[in-house]
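Below: one structure, written as structure tokens.
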Number of protein chains: 2
Amino acid sequence: MISNKARYAFRALLAIAAAPEGEATTSAEVARRYAIPHKFLEQILLDLRKAGILESKRGKSGGYVMLRPADTVSFGEVLRIFEGPLAPLPCLSRQSYRRCEDCVSETHCEIRKEFGRAYDASRAVLDTRTIGDALADAADRAPSRREDRRAG
Amino acid sequence: MISNKARYAFRALLAIAAAPEGEATTSAEVARRYAIPHKFLEQILLDLRKAGILESKRGKSGGYVMLRPADTVSFGEVLRIFEGPLAPLPCLSRQSYRRCEDCVSETHCEIRKEFGRAYDASRAVLDTRTIGDALADAADRAPSRREDRRAG
DNA sequence: TTAATTCCCTATATGACAGATAGGTTTTAT
DNA sequence: ATAAAACCTATCTGTCATATAGGGAATTAA
């Protein structure tokens, strides 16, 4: 299971990225909308800013906007910010490789091999699909009224 | 990352399943071989027995053998014993479904959708590949001397 | 029958981490 | 000035991972 923290981060990112171009979304608004503890969410948004994903504007009529386009932010990237390495074994992480203490031979380790397959399969989704993709899918499924009319 | 407990369980299972037919492997032997704390490993093997995967025999010349054939024991099954549900979100778990408290609409949730894809991909490996498969792979890669000779 | 061996069971300890909660400070628009 | 917003740091609480500990019960070799 992923942490609440990560789930809150996704909720917030989707909300912020879905806002009209240039329009800032406040932490209070997101917190209210999804019943997320406000102070907790503030920490999360701070992390996303420090990671270079969000841009913040302080003071009245401040809030958050995307720093990078939503379709350059993968689910995997966000998840790693809050969960650390996604690899099921330390010896499978590229970013923070660590040998298993009890490992005899890494190249012959069947555990590593099987979990490597599972991880590859998972990464193929998480590191490919982006916040932008998710928003586009949502838009396809629930088109705006205008588009409704146009399509009949 | 999976827990040490789960990793130890896989090491033990592979060792026990690799032993000659009918020959029991002791917890002490596995612990020594992989430098696993013995008392900790005992608990783990107990869990595997209670889960109906291992059979135990007490007393001198006792130990553990597979209760079910190794190729009917999937990595996913074992992992669930020690880690609980593998689903990244409670609302994606078949075995122990739970709604996310902050969920507005499950069918429209993009987070659920994306993680559902990742989970499907991961399950396709973990619930398919078995301890038996892993042992067969190991045997292919490092054949016995007799087979070495036969093959030239 | 005795001693050794092995699994079996339960309790406890400890440090890390998740999931907040709290209380402020700084910046900015009006 | 004032209100609204982000920013920063500390603290708390319960749960969990990772063992450690100490024996009890069954089995078997001698």
Side-chain angles (χ1 to χ4, degrees), chain A residues 1-12 15-16 19 22-32 34-51 53-67 79 81-85 88-90 100-102, chain B residues 1-9 11-12 16 19 23-32 34-67 79 81-85 88-90 100-102:
Chain A
M1 299 273 176
I2 71 172
S3 63
N4 277 357
K5 209 167 178 176
R7 218 178 60 244
Y8 294 159
F10 285 115
R11 289 248 189 277
I16 292 164
E23 190 165 307
T25 307
T26 68
S27 62
E29 166 63 13
V30 175
R32 190 198 54 71
Y34 298 106
I36 300 170
H38 184 207
K39 283 295 201 176
F40 194 29
L41 181 61
E42 279 192 324
Q43 294 175 21
I44 293 167
L45 294 175
L46 215 53
D47 287 342
L48 287 171
R49 195 208 47 159
K50 283 175 183 165
I53 290 175
L54 291 181
E55 194 180 357
S56 64
K57 208 180 137 198
R58 276 152 82 136
K60 216 160 186 172
S61 81
Y64 293 89
V65 294
M66 298 299 288
L67 179 58
L79 207 49
I81 294 170
F82 297 98
E83 310 276 281
L89 297 171
C100 298
E101 306 96 23
D102 58 335
Chain B
M1 299 272 177
I2 72 173
S3 63
N4 277 357
K5 208 166 178 177
R7 217 177 61 245
Y8 293 160
R11 290 246 190 276
I16 292 165
E23 189 165 306
T25 309
T26 67
S27 62
E29 165 64 12
V30 174
R32 191 199 52 69
Y34 297 106
I36 300 171
H38 183 208
K39 283 294 200 177
F40 194 28
L41 180 61
E42 279 191 325
Q43 295 175 22
I44 292 166
L45 295 175
L46 215 52
D47 288 342
L48 287 171
R49 195 209 47 158
K50 284 173 183 166
I53 290 174
L54 290 181
E55 194 180 355
S56 65
K57 209 180 137 196
R58 279 148 81 129
K60 218 161 185 172
S61 82
Y64 292 89
V65 294
M66 297 298 289
L67 178 58
L79 207 48
I81 294 171
F82 296 99
E83 310 276 280
L89 297 171
C100 299
E101 306 96 24
D102 58 335

To the nearest angstrom, the CD-P distance between B/Glu55 and C/dC8 comes to 10 Å
Determine, for nucleotides 15-20 of chain D in 5'-to-3' order, which nucleotides have protein heavy atoms under 4.0 Å from the base (write B), from only the sugar-phosphate (write S), or from neither (write -). ---SBB
C/dA18 P sits how many Å from A/Asp47 CG, rounded? 12 Å
If I take atom NZ in residue A/Lys57 and atom P in nucleotide D/dA6, what distance separates them, rounded to the nearest angstrom? 11 Å
Side-chain N or O of A/Arg49 closer than 4.0 Å to phosphate OP1/OP2 of D/dA6: no
Whole angstrom is fine here: how far is it from CD in A/Glu29 over to C1' in D/dA6? 16 Å
Separation of C/dC17 C1' from A/Met1 CE (nearest whole Å): 18 Å
Can you name the closest pair of heavy atoms from B/Tyr64 and B/Leu46 and give their distance? OH-N, 4.4 Å
d(CD1, A/Ile44; P, C/dG19) in whole Å: 9 Å
Taking CZ from B/Arg32 and P from C/dT6, how many angstroms apart are they, rounded to a whole number? 13 Å
Starting at CG of A/Leu48 and ending at C1' of D/dC7, how long is that distance when rounded to a whole Å? 15 Å
Rounded distance (nearest 0.5 Å) linking atom CD of A/Gln43 with atom CG of A/Asp47: 7.5 Å
Hey, is the side chain of B/Ser56 poking within less than 4.0 Å of OP1 or OP2 on C/dC8, counting only N and O atoms? yes
What's the closest nucleotide to the B/Lys60 side chain, out of D/dA6, D/dA26, C/dA4? C/dA4
Hey, does the side-chain of A/Arg58 have a donor or acceptor N/O within less than 3.5 Å of a partner on the base of C/dT26? yes
